[in-house]
Structures are given as C-alpha cells and as structure tokens.
Amino acid sequence: MLTTTRLPARMLRALPLFALLGAAAPAAAQVFPPPVPATGDTTATGAIDRQEFATPSVVGMGPSKGLVFHYERMPKFRVASDAKVVGLQDYSADAEKNARLVIKGYIPMLNRPHLKLIMGVNYEREEFEFKNVPTRYELYDNIEDKALKTLGAQLAVIRPVNTVNWYIFRIKGELSGDYTSSELNVSDYLRVSSEFLYGWKRSPTFSWGIGAQLGYTFGRQSIYPAVLYNRTFNNRWGVEALFPARITMRYNATPRSLFFAGYSVDGFNYIIKLRNELKRQNAEGDAIADKKPLRTLELRETEVKLRGRWEREIYDFLWFGLEGGYRYNHAFDAFDRTNADREKIIDSKFAGAPYASVELFIVPPRKFLKKTTAPR
C-alpha cells in the first residue's frame with residue numbers, strides 16, 4: 001500500500017505543462033494527466049497541500065503522454081448496408097478486418113502560472129478488408145483501396161484563474177477522408193472541432209467542470225454539453241469522466257501499474273471521393289433533373305466501446321497499454337456531399353465485435369521531473 005506523505009505546492013506547480021490537458025481530453029485513452037505519484041505519495045483526501053493555481057487534473061491519474069503509438073484491430077464481423085435512394089443496391093457481407101493506427105504527439109509551447117499553451121499533432125489510418133474483393137459496392141471498394149486517413153493539429157489553452165477556478169479552450173483541425181497526397185484538397189477534407197470547459201478545483205483529489213463541445217463524437221458535427229468529473233477517492237480508486245463521451249473507473253495497483261474500466265463514445269467523419277459517379281434516379285429509373293450525379297460522399301461513423309485497459313511502465317520514460325473490450329457500432333452511414341440537401345444515401349450497420357489494442361507511449365523521465373521540482 002502507498003504510504004502517506006505531503007507534496008510541496010511548488011512541486012505540484014512544476015509538473016510538465018502537458019500534464020494538465022488530459023483531464024478534459026475527449027478521447028477514450030488517457031492523454032496528458034499528471035504523472036503517477038512516486039512511491040510514498042498519497043492520493044488520500046487532504047494529504048497534500050492545495051495548488052496555488054487550480055487545474056482540472058487530480059492526484060493519482062496516469063502518466064502524462066508526450067508521444068503515443070496505438071494500434072487497434074477487430075476480427076471478422078457482419079456488414080449490412082441498406083440503400084436509401086433509388087438506383088443503389090443493398091449490400092451484405094463479412095468484413096475480414098477493421099484496423100486503426102494512431103500516432104499522436106504533444107509539445108508544450110508556453111508555461112506561465114496563469115496561461116499554458118499546448119500544441120498537438122496526430123495521424124490516424126483506418127483500414128477495412130472485405131470478403132470477396134472487389135465487393136462491387138462502390139463505397140466499400142473505395143475505402144478498401146485507399147483506406148481512411150486523418151491528419152490533424154490542435155491548440156489547447158489552459159487558464160488557471162485562481163486557487164479554485166480554471167478553464168480550458170481547445171480548437172482542432174483535421175483533414176479526414178480517403179485522400180492521397182496527389183489529390184488532397186484542404187477545403188474538401190477539412191474538419192474543425194472545439195471545446196470549452198470551465199471548472200472548480202475543490203481539492204487536490206477532486207475537480208469538476210461544465211462546458212460544451214463542437215465536434216464529431218456522434219458522427220455529424222454538432223454542439224453538445226460536457227460535464228467533467230475527476231475524483232480520486234483513496235490511494236487505489238478514482239474516476240475520470242467527460243460525460244457523455246466517456247466515463248472511466250481507475251484502479252492504482254502500484255505507482256507503475258494502473259487499471260481502467262468504462263465506456264467511450266467515438267465518432268468519425270470522412271469525405272469519400274468516388275472513382276465512378278453514382279447517378280440519382282427516380283422510381284422509374286430515370287435520372288433526376290435537379291440532382292447531380294454523386295461524386296462525393298460524407299461518411300459518418302459512431303461507435304460505443306465497453307473497455308478495460310492496463311497501463312504499465314516498461315522503463316522510466318517508456319510505458320505500454322493493453323486494451324480490450326466490445327464495440328457496438330451505432331452508425332456507418334453515407335450522405336450526399338455533392339448536392340445541397342445532404343440526403344442519406346446508405347444506411348449501414350456493423351455487427352458488434354470484440355476488439356483489442358496495444359499502445360506504446362513516452363512520458364517525462366523521472367530525472368526531468370526531479371530537475372523541475374524544488375524542496376519547500
């Protein structure tokens with residue numbers, strides 16, 4: 001069991017700047033919480049001094065992540081697509097594989113007592129393999145040949161107001177779709193999301209806030225409320241939540257081994273450029289005069305994951321994470337991006353399936369943390 005000790009307030013203030021961001025991160029994985037307390041630290045309420053400036057993070061959260069390599073895969077599952085317009089066919093078959101590769105990096109840009117800036121970059125690639133290729137279904141032949149890619153950058157502003165209050169503002173731009181380097185057009189593929197949270201730091205082990213997010217968590221761009229709740233109950237148990245996007249229970253087995261369990265809602269939005277145009281037709285099979293042939297689709301994907309996760313230190317600055325669970329696909333729908341009405345073209349459902357992922361991430365070395373701290 002961890003023993004009880006007191007951490008100097010200056011030591012808490014000197015934690016790496018990017019440790020503050022993860023308390024509000026909407027992603028399922030922990031990103032940028034403060035480092036795990038060293039052996040001898042406590043997470044008991046009232047056992048450490050109040051920070052001079054409030055932040056959304058709490059004592060006991062996992063290690064801060066500066067560079068992340070993540071690979072996720074799902075086995076065979078059933079795909080069923082229902083055409084919503086005349087002229088398209090229904091489709092039903094097995095997907096042999098769905099895999100995601102994610103690389104993320106975060107750089108502290110400014111670290112002032114009342115203003116902190118963090119720049120982040122990310123690259124993601126989602127791949128599908130369908131049975132009986134080519135499927136002769138335009139949407140799935142397209143995404144199997146070229147995969148779905150996301151290239152993004154974000155800027156986060158963390159503003160500790162005083163000893164109790166804080167707020168976070170984040171804006172993120174991503175290029176998402178089935179583009180290649182030769183055909184990339186920024187205006188076609190650009191997706192912008194943002195969030196704002198205002199909160200209260202009630203103690204070193206309890207922080208909460210309210211705000212709003214503009215993003216694609218539920219497939220289409222929309223604004224929805226967000227409630228942040230980070231609390232460490234004792235030296236073992238805690239909860240980290242950004243409702244409704246995710247809720248996660250945390251168990252600190254040791255300072256170098258943590259377990260998580262909960263759910264997350266993940267949304268993706270891609271632009272698909274069709275190689276062969278799809279003509280809009282009426283019930284009689286004639287072309288619709290006021291409808292242009294489809295050349296571009298907007299793909300909206302929403303999934304809910306029930307997940308368990310283990311994070312463990314390998315060596316000082318290097319950690320790994322193993323995650324597994326069950327994915328429920330709520331939607332994988334294609335909308336008309338060519339005509340102004342944005343009509344739903346294809347309504348798809350993926351059967352539920354288990355998934356597994358492995359992750360390597362780099363955290364600040366202990367020597368660096370020691371250099372940034374000072375005795376009271």
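All figures in this text were calculated on a predicted structure; none of them were measured in a lab. These values consider heavy atoms only, across backbone and side chains, with no hydrogens, waters or symmetry-generated copies.
Taking all atoms of both residues into account, the shortest heavy-atom contact from Trp166 to Ser207 is NE1-OG, 3.1 Å. Here the closest heavy-atom approach between residue Tyr106 and residue Ile118 is recorded as CB-CG2, 4.3 Å.
Listed by chain and residue number, Glu277, Thr338 satisfy the side chain to side chain contact (heavy atoms under 4.5 Å, CB included) test with Arg295 (two or more places apart in sequence, or in another chain). Partners of Glu124 according to the salt bridge (charged side-chain N to carboxylate O under 4.0 Å, His left out) rule, which considers only residues two or more places apart in sequence or in another chain, do not exist here. For Asp141, the side chain to side chain contact (heavy atoms under 4.5 Å, CB included) partners at least two apart in sequence or on another chain are Pro134, Thr135, Arg275. By the salt bridge (charged side-chain N to carboxylate O under 4.0 Å, His left out) test, Glu313 is found to be paired with Arg256, Arg366, residues two or more places apart in sequence or in another chain being considered. For Tyr270, the side chain to side chain donor-acceptor pair (under 3.5 Å) partners two or more places apart in sequence, or in a different chain, are Glu126. In this structure Tyr71 satisfies the side chain to side chain donor-acceptor pair (under 3.5 Å) test with no other residue, sequence neighbours excluded. Annotation: salt bridge (charged side-chain N to carboxylate O under 4.0 Å, His left out) contacts of Arg78 (sequence neighbours excluded): Asp94. By the salt bridge (charged side-chain N to carboxylate O under 4.0 Å, His left out) test, Lys131 pairs with no residue at all, sequence neighbours left out. Here Tyr355 pairs with nothing under the ring pair (Phe, Tyr, Trp, His ring centres under 6.0 Å) rule; sequence neighbours left out. Partners of Ile103 according to the side chain to side chain contact (heavy atoms under 4.5 Å, CB included) rule, which considers only residues two or more places apart in sequence or in another chain, are Phe69. With sequence neighbours left out, the side chain to side chain contact (heavy atoms under 4.5 Å, CB included) criterion links Ser193 to Lys172.
Look at Asp333 and Lys344 and you find a salt bridge, because one of the NZ, NE, NH1 or NH2 atoms lies within 4.0 Å of a carboxylate O, short of that distance. Under 4.0 Å is where a charged nitrogen must lie from a carboxylate oxygen, and between Lys305 and Glu72 at least one such pair does. A salt bridge is defined here as a Lys NZ or Arg NE, NH1 or NH2 lying under 4.0 Å from an Asp or Glu carboxylate O, and Glu343 with Lys84 fails to meet this definition. In summary, Lys146 and Glu127 do not engage in a salt bridge, as defined by a charged side-chain N under 4.0 Å from a carboxylate O.
Aromatic pair Phe260/Trp310: ring centres not closer than 6.0 Å. Ring to ring, Phe169 and Phe196 are not that close: their centroids are 6.0 angstrom or more apart.
Between Phe130 and Phe128, the two ring planes are parallel [angle under 30°; tilted spans 30° to 60°]. Classification of the Tyr251-Trp237 ring pair by plane angle, with boundaries at 30° and 60°, yields tilted.
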Dump the intermediate steps for side-chain contact (heavy atoms from CB on, under 4.5 Å) on Arg327 and Asn98, then the final yes or no.
-> CA-CA 11 Å; Arg327 182 203 68 180; Asn98 178 204; 3.2 Å; yes
When you look at Leu297 and Leu274, which way does the side-chain contact (heavy atoms from CB on, under 4.5 Å) test go after all the steps?
-> CA-CA 8 Å; Leu297 296 176; Leu274 300 176; 4.1 Å; yes
Check the pair Asn269, Gln221 against side chain to side chain donor-acceptor pair (under 3.5 Å), reporting the backbone distance first and the verdict last.
-> CA-CA 8 Å; Asn269 189 285; Gln221 188 181 50; over 6 Å; no
Going through the checks in order, is the side chain to side chain donor-acceptor pair (under 3.5 Å) test met by Ser81 and Ser348?
-> CA-CA 4 Å; Ser81 295; Ser348 298; 2.7 Å; yes
Tell me, with the steps shown, if Arg309 and Ser357 meet side chain to side chain donor-acceptor pair (under 3.5 Å).
-> CA-CA 9 Å; Arg309 180 177 177 86; Ser357 69; 4.9 Å; no
Take Thr248 and Val239 through the side-chain contact (heavy atoms from CB on, under 4.5 Å) test and state the conclusion after the steps.
-> CA-CA 6 Å; Thr248 304; Val239 61; over 6 Å; no
Can you check side-chain contact (heavy atoms from CB on, under 4.5 Å) on Phe53 and Asn162, steps first, answer last?
-> CA-CA 5 Å; Phe53 300 110; Asn162 48 43; over 6 Å; no
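Residues Lys104 and Val102 form a side-chain contact, since some pair of their non-hydrogen atoms from C-beta on lies under 4.5 Å apart. Side-chain atoms of Glu303 and His330, non-hydrogen and from C-beta on, never get closer than 4.5 Å to each other. Within the 4.5 Å cutoff, the side chain of Arg300 has heavy atoms near those of the Phe335 side chain. Considering only heavy atoms from C-beta on, Leu115 stays 4.5 Å or farther from Ile158 through its side chain. Within the 4.5 Å cutoff, the side chain of Lys149 has no heavy atoms near those of the Ser176 side chain. The shortest distance between side-chain heavy atoms of Ile272 and Thr296 does not fall below 4.5 Å. Val186 places none of its side-chain heavy atoms less than 4.5 Å from the side chain of Tyr189. A heavy-atom distance below 4.5 Å is found between the side chains of Ile346 and Tyr137.
Checking side-chain atoms of Asn252 against main-chain N and O of Gly60 turns up a donor-acceptor pair under 3.5 Å. For the pair Thr232 (side chain) and Val59 (backbone), a donor-acceptor distance under 3.5 Å is present. No side-chain donor-acceptor contact under 3.5 Å links Asn230 to the backbone of Ser57. At least one donor-acceptor pair closer than 3.5 Å links the side chain of His114 to the backbone N or O of Pro160.
Environment of CZ in Arg159: crowded, with over 12 heavy atoms of neighbouring residues, nucleotides or ligands closer than 6.0 Å.
Checked options Phe206, Phe243, Trp208, Trp200; the residue passing with Tyr229 is Phe206 (criterion: ring pair (Phe, Tyr, Trp, His ring centres under 6.0 Å)).
Interatomic distance, Asp347 CG to Phe332 CZ, rounded to the nearest 0.5 Å: 12.0 Å.
Residue pairs meeting the salt bridge (charged side-chain N to carboxylate O under 4.0 Å, His left out) criterion with at least one member in residues 184-194, sequence neighbours excluded: Asp188-Lys273.
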